[in-house]
Amino acid sequence: MEPSFYDQVYEIVRLIPKGRVTSYGAIAKSLGAGSSSRLVGYAMNNAHGILPKIPAHRVVNRNGLLTGKFHFSPPALMQQLLENEGLVIIEDKIQGFKAHFWDPATEL
DNA sequence: TTAATGACCTCCG
DNA sequence: TCGGAGGCCATTA
């Protein structure tokens, strides 16, 4: 298996510091494929069986909305993990998302 | 090889 | 302000 788009996504997601979050589009853009935002989410779909475990709960859409929480088991786990890291989630939305935003293109 | 899928993003009415 | 539709591209069957 050569390094694919998936591996790029997994590696960046694993690099997200604790208590920080990023967006699918930001990851895709940092990979040089700003139009491939959907691929990031698609990669996460396979991330369930990837080791080490992927902190997919730190990845949300550009609005800071937990769009993919339903892919967790249970769905509330995503919010629970984020709150455990000191983030505040209200209505499936990250409060102060911009303040906790972690841009891979900038941090890397 | 062709066709279908998707945890998104952006534009238009 | 809110809702709907289209486009983007890699992976899988």
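In what follows, every chain begins at residue 1, and chains take the letters A, B, ... in the order their sequences are listed. Not measured: the values here are computed from a predicted model.
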Q: Can you build the contact string for nucleotides 6-13 of chain B? Use B for base contact, S for sugar-phosphate-only contact, and - for no protein heavy atom under 4.0 Å.
A: BBBSS---
Q: Give the minimum heavy-atom separation between A/Met78 and A/Val59, together with the two atoms involved.
A: CE-O, 3.5 Å
Q: Please list all pairs meeting side-chain hydrogen bond (donor to acceptor under 3.5 Å, both in side chains) that have one or both residues in residues 14-29 of chain A, counting only residues at least two apart or in different chains.
A: none
Q: Using the test side-chain contact (heavy atoms from CB on, under 4.5 Å), find all partners of A/Ala105 that sit at least two apart in sequence or belong to another chain.
A: A/Ser30, A/Asp103
Q: Strictly by salt bridge (Lys or Arg N to Asp or Glu O under 4.0 Å), give each pair with a member in residues 39-52 of chain A just once, sequence neighbours left out.
A: none
Q: Which side-chain hydrogen bond (donor to acceptor under 3.5 Å, both in side chains) pairs, counting each pair once, include a residue from residues 85-96 of chain A, with sequence neighbours left out?
A: A/His57-A/Glu85, A/Arg58-A/Glu85, A/Lys69-A/Asp92
Q: Got a sec, which residues hit side chain to side chain donor-acceptor pair (under 3.5 Å) with A/Gln79, two or more places apart in sequence or on another chain?
A: A/Glu83
Q: So, using side-chain contact (heavy atoms from CB on, under 4.5 Å) as the criterion, who are the partners of A/Pro75 when residues are at least two apart?
A: A/Phe70
Q: Can you sort out the partners of A/Phe97 under ring-ring contact (aromatic ring centres under 6.0 Å, His included), two or more places apart, ordered by chain and number?
A: A/Phe101
Q: For A/Phe72, check ring-ring contact (aromatic ring centres under 6.0 Å, His included) against everything at least two apart and list the hits.
A: none
Q: Contacts to DNA chain B from residues 9-21 of chain A, heavy-atom cutoff under 4.0 Å, which residues?
A: none
Q: Give every donor-acceptor pair under 3.5 Å between a side-chain atom in residues 44-51 of chain A and any protein atom, sequence neighbours left out.
A:
unit_1, atom_1, unit_2, atom_2, d
A/His48, NE2, A/His71, O, 3.4

Q: How many Å lie between NZ on A/Lys29 and C1' on C/dC9, as a whole number?
A: 18 Å
Q: Identify, residue by residue, the members of residues 100-108 of chain A with a heavy atom below 4.0 Å from DNA chain B, and return them in order of residue number, or none.
A: none
